[in-house]
J.: 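One structure coming up, written as structure tokens, with questions to follow.
The model shown is predicted, which means the values in this text are computed figures rather than measured ones. Convention: sequence-line order gives letters A, B, ...; per-chain numbering from 1.
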Amino acid sequence: MSLTPRETAITIRGLRKAFGGQPVYSGFDLDVRRGDILAIFGPNGCGKSTLINMAAGLLPRDGGEILYDGREVSEIRVGYVFQNYREALFPWRRAAENIRYPMRRMGLPAAQVEQRLQGLAERFRVRFDLNRYPYELSGGQQQLVSIMRALAVEPEVLFLDEPFSALDFETTLSLRDLLQRVLKELGITTILVSHDLEESIILADRLLMLTRRPTTVADDVPIDLPWPRQAEALASPGFVALKARCLDVFQKAVAA
Amino acid sequence: MSLTPRETAITIRGLRKAFGGQPVYSGFDLDVRRGDILAIFGPNGCGKSTLINMAAGLLPRDGGEILYDGREVSEIRVGYVFQNYREALFPWRRAAENIRYPMRRMGLPAAQVEQRLQGLAERFRVRFDLNRYPYELSGGQQQLVSIMRALAVEPEVLFLDEPFSALDFETTLSLRDLLQRVLKELGITTILVSHDLEESIILADRLLMLTRRPTTVADDVPIDLPWPRQAEALASPGFVALKARCLDVFQKAVAA
Amino acid sequence: MRALTGPALGALGFVLLWQLAVLLRVADPILLPPPAEAFAETWRGFADGTLAHDTWRTVQRTGLAFLIASAIGVPLGVALGAQEKLYRGVEFVVDFFRSTPASALFPLFLILFGPGEGTKVAVAAFGAALVILFNAAYGVINARRTRVLAARIMGASGPRILVDVLIWEALPQILVGMRSGISLALVIVVVAEMFIGSTDGLGHRVINAQMLFESGLMYGVIFVAGALGYALNLLFILLEKRFVHWSGR
Amino acid sequence: MRALTGPALGALGFVLLWQLAVLLRVADPILLPPPAEAFAETWRGFADGTLAHDTWRTVQRTGLAFLIASAIGVPLGVALGAQEKLYRGVEFVVDFFRSTPASALFPLFLILFGPGEGTKVAVAAFGAALVILFNAAYGVINARRTRVLAARIMGASGPRILVDVLIWEALPQILVGMRSGISLALVIVVVAEMFIGSTDGLGHRVINAQMLFESGLMYGVIFVAGALGYALNLLFILLEKRFVHWSGR
Amino acid sequence: ADRVRVAVFNVSSALPYYVAAERGFFAAEGIEASATPLQAAPLIVQAMVAGDVEAASNLVTLEGANINSRRANTAVYISLNGQNAQYQMEQFVVRPGYPAQSLRDLKGARILSAPGPANLSAAKAVLAAVGLQEGRDYSIQEQQMGVHVGALAAGTFDAAYTLEPVATIAERAGAARRLEAGVIATHLLGRPEAQAFAAGAALTGKFLQEKPDVARRFANAWSKACALITSDAASVRPLLVQHMQTSAELAPTVPLVAFRMVRDLSPQDIADFQKFVDLAVAQGVVRSAIPVGSFLRAL
Ligand SMILES: Nc1ncnc2c1ncn2[C@@H]1O[C@H](COP(=O)(O)OP(=O)(O)OP(=O)(O)O)[C@@H](O)[C@H]1O
Ligand SMILES: Nc1ncnc2c1ncn2[C@@H]1O[C@H](COP(=O)(O)OP(=O)(O)OP(=O)(O)O)[C@@H](O)[C@H]1O
Ligand SMILES: [Mg+2]
Ligand SMILES: [Mg+2]
């Protein structure tokens, strides 16, 4: 896929990373278009978390560069839902305080912080008490708080590392709808890691399939299903064809 | 469902548990038949982890009793894959050592420990180096190690709290097959918590659907699909009917 | 209430052990008087008000020294812990002075602070600050990385991460450090009261009792000092119960 | 190699500060001699072998005291930490003695261990053991619950959980405690060498130098003691780097 | 009034200071004295060097000799405290059951000594003078003053080279029997009637030079106090209880040293003092030979 510079929100060039001498990435390139949702689908340990950790500036890279419309990651507003969401919440703050935190850091006035918190709680249909501490919440509840925290600041770029892994059936469904709406509305460029192929297709503008280590791109699939994509979309012929293509690539490149 | 005492592996009677005065369980009864795989399906925060934590003797209960064929949990061999698998591995031991640990505790001779470890690594098709420390593994790899550790001792009762949440597409599929085979072969009584309805149905002898707090049983569905259940079973009419029934119950009792 | 039974039993057991040692005549009663005698003498000391005054002076000095030590040790320790390389640099100085007897530092501090109150408080504050700093730094060095990363992602600057994450992550160990620190401050204050320019304080009283061979009173005063140490620690035990609700989860 | 630049820079900075204080004439040179003089005198002490002997004696005593303290403090601390209620009971005694100057304990230990080497090592071991115990217990109290639960599920008995999980969970803090402990043992040994019957050791040397107003030598010996403290700590810094690879993850 | 800060080591040899203060001798000379309690000789010397005090009420003379040999005129004595068999201070005692009748009988004894290199070497020198050698004939170990009575009572040691008031207390408690007092004068200076001047009142050289008049008046007050102690000790002994950590029952009888103004010393006294210091030099307790006249001032 070739994009004009103006359209690109994230540019990754020549990315290199090795752990203990064994390379995970050796010269990886990627461009993500502004406002796109990029889903990354790949086997365990292929380097998905490593990739977004480097993109988010949390992990030093061995080489290459990652730029956001020419800027460093420190210059942009980022949202991140960690794969280990449990350890990323602050246990000394109540859930609500955890969500307020990035908004405070952004300097939002108190009134607006409360308003956004209210809005999030409603849209996420939170049924538990946000005034509890993270360790008093169930796994899924913690993950939900994590997602709310990441969205609270309306980031320019959002990284979601298996954000639905602990959510229940219903919440997952409603959150897919919600995210679609919010991300598209606000034009947030998103990288989503998911092990659920249907979910990846339903949510993404583009699906990147990665191989095992040493990691390369097995396929780069544009998903041009119409938005919004309701549950019914799962049965549409376009969807079925895409899924079949992906499964095919997967069988050949990954499972082999 | 009514079982004769001899058939029952797990008997829960009058279970009560409250957090901060708010009840999660107030008089919960359950019998699990020996060798059965019981899937529990329920919304976030309804008390699934709480239930198996109490069953495994890790969380004190406020009232009621949980017996294993008349014995206390301390008298039987238990396997447990924690929902927060990351925090349950020992970071000071290498992955292989983590898996050896319960076998050593059981007093297995060294040779047998190694043999089982080999066997597990093969059956689980481990593609990463088990000689690394848990924190050097990706999320999915850690979860896999967790499952291997729980299965290593061929437990009498196995608790699986969302054991596939971080596993990739392929691993999940192959693990479903593997677990089916192993659990049925060894007759391990299993309680599986999962948010994936298809997965629950494919793997279970019986599906328990729970409501939101205060938690009650919305439906108790026997799954009498024939074993072994391959991927094709997903398309069988029996499966489709069951799934429809469950979704229906879910819409009425939970999502409402 | 129930929280107090443990310590109370501990203190009781300790006194019983003492009595037992006396009964077994582990040592001559001149050296090790029975607890009853020590308490009687101590009680007399409190009754005429002088011992209460001495205790109060020691508490004041210890409190002041500890406050200074915490005000310096906690922020500096947390900040240094966040910059491990920098910490390794100052570690020499920290370990150096932690390994030097306070009494060997008296001359130096006398030079700097003169033979008055200043020196006593300063030496104690210095000693306690080192311990607090050391523990705070280690608390931070051993903090969980994910939380720091999460804060960074949410736009927290370096100093904010210090205040919002690292201090909290290190809090259990900071409290351990503060408890070590307050005990050490008390010890140094008492020793200083023994040696440098003092007309009051528990240390002064111990030295007096020792010179007068009132071993009952001497052990009584030492007991008061130790119990005072426990009481000061108790503050932190309570603080910890109150504020470190998340530890271990 | 590079690991040593930090401490080396730290030591250098410390000496420069000292020199600066001398240049600014913070104090009379008789009281605070220039570092060069201190080093010259110390060098002479080493050259004629006596100071090396004194250092070695102090190292021996400290090492022995520390080994005893660790052998008692670590297992007891871990075991008590695992039984928080029990720990709250003995906490009084622990905090009590942590808050009592070692010098106040000399008479008592003299009774129990007689004059001679025994007392010095015993007091130092006692003091260090308390600190190590206290830190180990806290390390365990603040351990992550899930890992304990996981071990329990896998059939580990109480003592096994202690050995297989709690010690490891508490290891970072146990090491902090051991470092506090070894410094404290050194301090107490030096103080004991100063005040109770000694014919060798750094403390004995300090007192002699002090008496003769050889303040160059005195500060030199104190510097040796402090540097020795750092060296002993260094052991643990290296141990930690080596063994606590998982901390913070 | 002129302020004079005095470092005070709170033991009975500080008596002149409290007499002068309480009896108004300082006030009469227009001096406002204030005490800085410091319980260690090196700290007192340091305070004098640093200018934190102008005087010391009872500074150990060997410490004084040491600092003066490093820097002349740091601590100049205006009075000395003499001790011997009559003015008891240093002495050998034995535990009750121990058979020794004279110093020579200490062969085989475990001996404890008052702390500090000076005391330890004095004890060894005295024992050497009676023909006993450390290691071969006896063992000796320094101990804090506070544990002497107990260590004897407990039988941890057989004998002690100790100081007043510990010796008297031990004797009264039945923990010790006096063997011989004033051993330095008898065995080291060689004349039982000689005085061993182990401590005294000192002024800083700077103070003497800058305020000679105040120093002279201070010495006057001091001299009056010494005189009063010599003439009527009983009337001032209560001060021991009040200020110098002496128990009430002990105060009337505890031995006191001989407080002598330097101006009243005889040439023999000075020679004795020189010998005392020279012995210390020989033992390595004083760093280098020094004429005592250089730090004595007859005021
Ligand atoms: N600190 C480390 N030391 C050594 N190897 C590491 C380290 N961290 C990660 N790895 C390895 O790097 C690879 C990529 O890890 P990463 O966590 O990015 O995988 P992932 O794609 O996110 O997998 P998953 O789907 O399981 O989360 C893995 O094979 C892992 O074992
Ligand atoms: N320590 C605690 N204090 C207070 N409430 C708690 C505590 N632990 C759990 N809870 C509450 O108990 C309920 C049950 O929690 P549990 O973890 O069992 O849920 P779950 O069914 O496993 O959910 P999930 O699917 O999200 O894992 C939740 O509502 C949770 O908020
Ligand atoms: Mg990952
Ligand atoms: Mg759960």
J.: Count the heavy-atom pairs under 4.5 Å between each of C:Leu186, C:Ile188, C:Leu12, C:Ile111 and chain D, then report the option with the highest count.
T.: C:Ile111
J.: Which bit of C:Val190 is near chain D, if near means a heavy-atom gap under 4.5 Å: side chain, backbone, both or neither?
T.: side chain
J.: Side chain, backbone, both or neither: which part of C:Val176 has an atom under 4.5 Å from a heavy atom of chain D?
T.: both
J.: Rounded to the nearest 0.5 Å, what separates atom CD1 in D:Ile222 from atom CG in C:Leu105?
T.: 7.0 Å
J.: For the atom pair OG (C:Ser247) and CG (D:Asn142), what is the distance rounded to the nearest 0.5 Å?
T.: 4.0 Å
J.: Taking CD in D:Gln19 as the centre, count heavy atoms belonging to other residues, nucleotides or ligands within less than 6.0 Å. Is the count above 12?
T.: yes
J.: Counting only non-hydrogen atoms closer than 4.5 Å, does C:Glu240 touch chain D with its backbone (N, CA, C, O), its side chain (CB onward), both, or neither?
T.: side chain
J.: Side chain, backbone, both or neither: which part of C:Arg147 has a heavy atom under 4.5 Å from chain D?
T.: neither
J.: Please classify the contact of C:Leu108 with chain D as side chain, backbone, both or neither, using a heavy-atom distance under 4.5 Å.
T.: both
J.: Considering all heavy atoms of both residues, which atom of D:Val191 and which atom of C:Pro101 are nearest to each other, and what is their separation?
T.: CG2-CB, 3.6 Å
J.: For D:Arg98, which residues count as a salt bridge (Lys or Arg N to Asp or Glu O under 4.0 Å) partner, sequence neighbours excluded?
T.: D:Asp95
J.: Please look at C:Ser103 and chain D and tell me whether the side chain, the backbone, both or neither of the residue comes under 4.5 angstrom of a heavy atom of that chain.
T.: side chain
J.: Below 4.5 Å, heavy-atom pairs only: which of D:Ala104, D:Ala21, D:Ser180 has the largest tally toward chain C?
T.: D:Ser180
J.: Side chain, backbone, both or neither: which part of D:Asn135 has a non-hydrogen atom closer than 4.5 Å to chain C?
T.: side chain
J.: Using the test ring pair (Phe, Tyr, Trp, His ring centres under 6.0 Å), find all partners of D:Phe134 that sit at least two apart in sequence or belong to another chain.
T.: D:Tyr138
J.: Should D:Asn233 and C:Ser99 be marked as a side chain to side chain contact (heavy atoms under 4.5 Å, CB included) after you check the CA-CA gap, both sets of side-chain angles, and the distance that decides it?
T.: CA-CA 9 Å; D:Asn233 270 273; C:Ser99 312; 4.0 Å; yes
J.: Which of the residues D:Arg145, D:Gln210, D:Met218 is involved in the greatest number of heavy-atom pairs with chain C at under 4.5 angstrom?
T.: D:Arg145
J.: Of C:Tyr230, C:Phe14, C:Trp18, which is the lone residue that meets ring pair (Phe, Tyr, Trp, His ring centres under 6.0 Å) with D:Phe96?
T.: C:Phe14
J.: Between CZ of D:Arg88 and CG of C:Leu9, what distance do you get to the nearest 0.5 Å?
T.: 14.5 Å
J.: Measure distances from D:Phe223 to the heavy atoms of chain C and classify the residue's part below 4.5 Å as side chain, backbone, both or neither.
T.: both
J.: Just so I understand: if I count every heavy-atom pair under 4.5 Å between each of D:Ala225, D:Pro172, D:Ala11, D:Ala143 and chain C, which residue has the most?
T.: D:Ala11
J.: Go through C:Gly139, C:Ser183, C:Gly229 and name the one with the most non-hydrogen pairs under 4.5 angstrom from chain D.
T.: C:Ser183
J.: Out of D:Gly10, D:Gly226, D:Gly89, return the one with the most heavy atom pairs under 4.5 angstrom to chain C.
T.: D:Gly226
